[in-house]
Engineer: 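Take this structure first; my questions come after.
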Protein chains: 2
Amino acid sequence: MLSQTVEYALRAVVHLAQHAPKPQKTAEIAATTQVPPAYLSKVLQGLRAKDIVKLQRGVGGGVTLAAAPADLTILDVVNAVDPIKRITTCPLDLKSHGVRLCTLHRRMDNAIMEMERAFRSTTLEELLKDPDQSVPLCDG
Amino acid sequence: MLSQTVEYALRAVVHLAQHAPKPQKTAEIAATTQVPPAYLSKVLQGLRAKDIVKLQRGVGGGVTLAAAPADLTILDVVNAVDPIKRITTCPLDLKSHGVRLCTLHRRMDNAIMEMERAFRSTTLEELLKDPDQSVPLCDG
DNA sequence: ATAAAACAGGACCTTTACATCTGCTTTGGT
DNA sequence: ACCAAAGCAGATGTAAAGGTCCTGTTTTAT
């Protein structure tokens with residue numbers, strides 16, 4: 001449904017939001033989020049390319065969010081690593097369906113739209129503040 | 001987002017619903033739905049395994065829906081070939097998150113739930129009857 | 001019986017996602 | 001200047017999804 005890479009990316013940014021604005025080392029993030037360290041490095045590079053995180057080399061360097069947790073939605077992160085692609089034109093290239101999708105593809109796109117909306121409606125900050133649930137990535 | 005196989009399966013069952021209850025040959029379905037014939041054969045075998053379609057060999061055989069279009073939802077078809085998997089337990093196996101998901105995974109599951117609901121709310125029959133849209137798989 | 005129509009199923013190939021490894025470059029402290 | 005800490009980049013490996021092909025087996029009509 002959602003790719004493994006999306007799951008990893010979300011864990012990472014949540015960890016960063018929890019510790020903002022202190023830079024976190026990739027290895028630290030990998031350990032607490034249970035993501036393969038070498039692969040996390042690639043995922044983070046993808047996030048940097050879309051200006052979700054900043055990466056700093058050298059002693060005392062590490063990873064930080066490029067924006068405040070209140071300004072980053074789950075959708076931003078998802079779209080950075082594995083963009084949600086809406087159905088905007090007929091997948092069969094039927095001329096008459098071009099813009100006005102058939103009932104099948106309209107329904108499919110509606111479902112995708114619902115998911116998109118759910119992701120857009122939550123910021124990282126909200127994830128940290130919800131008092132009603134357990135804290136992401138933290139046991140106990 | 002949704003697998004190619006899901007897209008193919010939906011095209012096939014829509015075609016079947018349009019022509020129900022007349023059996024359709026796999027090659028016919030493949031042609032009008034623009035799905036690779038050999039691969040469609042595999043997809044249909046998956047649908048048969050979940051009792052979505054019936055396959056009949058020999059002269060005059062072909063593929064038919066196992067139920068009335070009014071009794072089959074999009075979700076039935078999707079789940080038959082590529083089941084939507086809700087998040088029910090903590091992916092990190094944190095003990096305290098086991099049943100009560102953290103905010104991150106709760107939101108992710110909510111998004112998946114929205115998509116699931118969108119798919120469950122439409123039957124094949126409704127797809128064929130919507131007067132407001134163009135007809136699935138048909139040009140003009 | 002036989003032949004033709006249709007699906008069945010296994011072996012195989014290709015592409016993409018997931019993941020690792022190794023050596024390099026940048027950075028800051030001494 | 002030097003060294004250790006961190007990320008960087010590219011090659012490589014592995015597994016799953018998507019797709020093809022070939023040879024069977026079942027069914028019906030004649």
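Naming convention: chains lettered A, B, ... in sequence-line order (proteins, then strands); numbering from 1 in each chain. Scope of the values below: all heavy atoms of this structure, side chains included, with no hydrogens, waters or symmetry mates.
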Engineer: Tell me whether Gln24(B) contacts the main-chain N or O of Ala12(B) through its side chain, where contact means a donor paired with an acceptor under 3.5 Å.
Structural biologist: no

Engineer: Report yes or no: does Glu125(A) contribute a side-chain atom to a donor-acceptor pair with the main-chain N or O of Ala68(A) at less than 3.5 Å?
Structural biologist: no

Engineer: Quick one: Lys54(A) NZ to dT26(C) C1', roughly how many Å, whole number?
Structural biologist: 18 Å

Engineer: Could you write out each protein N or O paired with an N or O of nucleotides 14-16 of chain C at a distance under 3.5 Å?
Structural biologist:
none

Engineer: Can you give me the closest heavy-atom contact between Glu114(B) and Arg117(B), atom names plus distance?
Structural biologist: OE2-NH2, 2.7 Å

Engineer: Hey, does the side chain of Thr73(A) reach the backbone of Arg120(A) with a donor-acceptor pair shorter than 3.5 angstrom?
Structural biologist: no

Engineer: Rounded to whole Å, how long is the line connecting atom CG of Leu2(B) with atom C1' of dG18(D)?
Structural biologist: 16 Å

Engineer: Looking only at heavy atoms, which two atoms of Ala80(A) and Ile52(A) are closest? And how far apart?
Structural biologist: CB-CG1, 3.8 Å

Engineer: Produce a footprint string for nucleotides 4-10 of chain C: one letter per nucleotide, 5' end first; B if the base is under 4.0 Å from any protein heavy atom, S if only the sugar-phosphate is, - if neither.
Structural biologist: BBBBSBB

Engineer: Within the distance-only criterion (no hydrogens, no angle test), does the side chain of Arg11(A) pair as donor or acceptor with the backbone N or O of Thr33(A) below 3.5 angstrom?
Structural biologist: yes

Engineer: Given atom OH of Tyr8(B) and atom P of dA17(D), what is their separation to the nearest angstrom?
Structural biologist: 15 Å

Engineer: What is the distance, to the nearest angstrom, from the CD1 atom on Ile29(A) to the P atom on dG7(D)?
Structural biologist: 8 Å

Engineer: Could you walk me through whether Glu28(A) and Thr32(A) pass the side-chain hydrogen bond (donor to acceptor under 3.5 Å, both in side chains) test, one step at a time?
Structural biologist: CA-CA 6 Å; Glu28(A) 288 174 353; Thr32(A) 70; over 6 Å; no

Engineer: Does either side chain, that of Asp82(A) or that of Thr5(A), offer a donor lying less than 3.5 Å from an acceptor on the other one?
Structural biologist: no

Engineer: How many whole angstroms separate atom CG of Leu47(A) from atom C1' of dC8(D)?
Structural biologist: 15 Å

Engineer: NZ of Lys85(B) versus C1' of dA16(D): gap in Å, rounded?
Structural biologist: 13 Å

